[in-house]
Number of protein chains: 2
Amino acid sequence: MARTKSSQGAGVTSERILDVAEVLAQTRGFNGFSYADIAAEIGITKASLHYHFPTKASLGAALVGRYRENFQAALAKIAALNEPGIEKLRLYAGVYGQVLGADRMCLCGMFAAEFSTLPEPIQGELRQFFDENETWLVRVLEEGRRDGSLRFEGSAADTAGLLTGALEGSMLLARSYRDNARFIAPVGKLIQVLAVGNEASR
Amino acid sequence: MARTKSSQGAGVTSERILDVAEVLAQTRGFNGFSYADIAAEIGITKASLHYHFPTKASLGAALVGRYRENFQAALAKIAALNEPGIEKLRLYAGVYGQVLGADRMCLCGMFAAEFSTLPEPIQGELRQFFDENETWLVRVLEEGRRDGSLRFEGSAADTAGLLTGALEGSMLLARSYRDNARFIAPVGKLIQVLAVGNEASR
DNA sequence: GTCTATAACGAGATAGAC
DNA sequence: GTCTATCTCGTTATAGAC
């Protein structure tokens with residue numbers, strides 16, 4: 001019988017490691033957790049971790065790579081919906097909101113803070129994550145402008161940057177207060193400002 | 001002769017330490033620099049650093065305390081100007097822009113990412129920094145609404161949160177690209193949206 | 001794949017001389 | 001205030017048995 005992804009054995013442990021490391025990285029940052037933390041949580045030794053991820057740099061790169069792919073998949077689902085641009089924007093914010101709802105920071109926003117201390121492969125994965133966010137947002141923003149649900153001035157890229165920046169920044173601050181309303185209210189207000197039919201009521 | 005703040009001796013070295021530690025903290029984060037880094041840069045030993053700041057927690061708290069006070073002073077100067085609210089908002093963004101222009105992240109935005117790993121005294125200083133930002137912004141926003149230079153919907157507090165979040169977040173992302181335009185353009189766009197006389201052109 | 005054992009280094013911190 | 005010397009602990013990483 002052929003070995004599959006869902007079989008026992010090779011591959012499962014490394015996913016488990018990534019799951020645990022992801023939570024640690026999203027709550028404490030790349031420089032805020034160690035192999036010992038992961039080992040204690042999973043119940044294997046540090047040496048075993050090095051079998052799956054030889055270096056912490058390789059673990060970090062795998063972490064961001066998987067996060068980025070999962071994120072892209074979520075965005076692709078939203079893009080495929082038969083909804084106006086404004087609604088897709090709300091769902092996009094909802095993806096970030098779910099991360100915060102799980103008491104985590106966006107992995108890539110977290111790593112962006114530590115950017116200058118990260119191994120180069122991780123830095124590359126990070127930029128790719130943000131590039132993919134921008135590409136997706138530009139498409140949705142222009143779509144929304146065409147379908148009449150969104151209104152904004154200037155380049156879609158600048159508005160995309162504002163959205164991502166506001167989402168990441170609001171998440172960052174909300175975590176310092178353990179108060180998710182500090183994310184939901186400002187982000188909701190920003191999206192409302194971009195919605196058509198809001199001329200006199202900003 | 002009485003010993004003053006500007007005299008040689010006690011007090012000067014600790015300021016020097018804070019200066020060097022501040023740059024390190026703003027570029028690498030609290031968990032990304034060590035006493036050894038500071039010592040090497042200043043040219044004294046680690047032991048001497050411990051004379052001025054017994055623990056790294058005390059150094060971190062002093063760092064945020066001083067940063068917060070300097071920031072407050074800058075905001076007070078802007079508040080005292082005889083300018084409309086919209087202009088004060090632009091100057092506020094300019095304060096953040098100067099930090100980024102010096103190739104640094106906002107100290108408090110950086111520490112906010114590492115929040116859960118920080119000693120409690122530092123966490124308190126951080127919240128105070130953001131509280132002071134919000135208080136100042138709410139005042140300016142309401143002033144701008146009265147003087148007719150600003151227009152926004154709902155509570156000033158939510159708009160203040162959006163501004164701080166967007167500033168911190170855009171800074172974070174701009175640093176990953178070494179591209180300050182990724183801060184200036186989105187932030188400029190957000191402020192423009194809040195300006196009166198912009199109804200049909202968002 | 002997982003273990004024990006250990007290497008090699010850097011971290012924050014202290015004692016005590018000068 | 002600054003130094004040398006040292007301590008203790010945590011870090012990433014490797015060697016080699018099972």
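A quick note: this is a predicted structure, and the numbers were derived from the prediction, not measured. Just the heavy atoms: all of them, side chains too, but no hydrogens, waters or symmetry mates, feed the values below.
Remark: P of dT4(D) and CG of Leu49(B) are 13 Å apart, rounded to the nearest angstrom. One can place CD1 of Ile42(A) at 15 Å from C1' of dC3(C), the figure rounded to the nearest angstrom. Rounded to a whole Å, the CZ atom of Arg28(A) is 13 Å from the C1' atom of dG10(D). Nucleotide dT2(C) holds its C1' atom 11 Å from the CD1 atom of Ile17(A), rounded to whole Å. The CZ-P distance, from Arg16(A) to dG1(C), rounds to 15 Å in whole Å.
A salt bridge links Glu134(B) with Arg182(A): at least one charged nitrogen is closer than 4.0 Å to a carboxylate oxygen. For Arg68(A) and Glu132(A), the salt-bridge test passes: some basic side-chain N is under 4.0 Å from an acidic carboxylate O. A salt bridge does not link Arg66(A) to Glu69(A): none of the charged side-chain nitrogens sits closer than 4.0 Å to a carboxylate oxygen.
Residues Asp103(A) and Thr27(A) have side chains that never bring a donor and an acceptor to within less than 3.5 angstrom of each other.
Side-chain N/O atoms of Thr45(B) include none lying less than 4.0 angstrom from OP1 or OP2 on dT2(D). In terms of phosphate contacts, Thr13(A) brings a side-chain nitrogen or oxygen within less than 4.0 Å of OP1 or OP2 of dT2(C). Taking only side-chain nitrogens and oxygens, Ser48(B) comes nearer than 4.0 Å to OP1 or OP2 of dC3(D). Proximity of Tyr51(B) to the phosphate of dT2(D): no side-chain N or O atom is located under 4.0 Å from OP1 or OP2.
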Pairs under 3.5 angstrom, nitrogen or oxygen only, protein versus nucleotides 13-15 of chain D, please.
from	atom 1	to	atom 2	distance (Å)
dA13(D)	OP2	Lys56(A)	N	2.7
dA13(D)	N7	His50(A)	NE2	3.2

Contacts under 3.5 Å, N or O only, protein and nucleotides 8-10 of chain C:
none

Begin from the C-alpha positions of Phe115(B) and Phe30(B) and carry the test ring pair (Phe, Tyr, Trp, His ring centres under 6.0 Å) through to its verdict.
CA-CA 10 Å; Phe115(B) 193 82; Phe30(B) 187 72; over 10 Å; no
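You'll find the side chain of Phe129(B) stays beyond 4.5 Å of the side chain of Gln72(B), heavy atoms only. At a threshold of 4.5 Å between non-hydrogen side-chain atoms, the residues Glu143(B) and Lys88(B) count as touching. Looking at heavy atoms from C-beta onward, Gln192(B) lies in side-chain contact with Arg90(B) at the 4.5 angstrom threshold.
Annotation: cation-pi pair Lys189(B)/Phe152(A) absent, no NZ/CZ under 6.0 Å from the ring centroid and within 45° of its normal.
In the set dC3(D), dT2(C), dG1(D), dG1(D) carries the atom at the smallest distance from any side-chain atom of His52(B).
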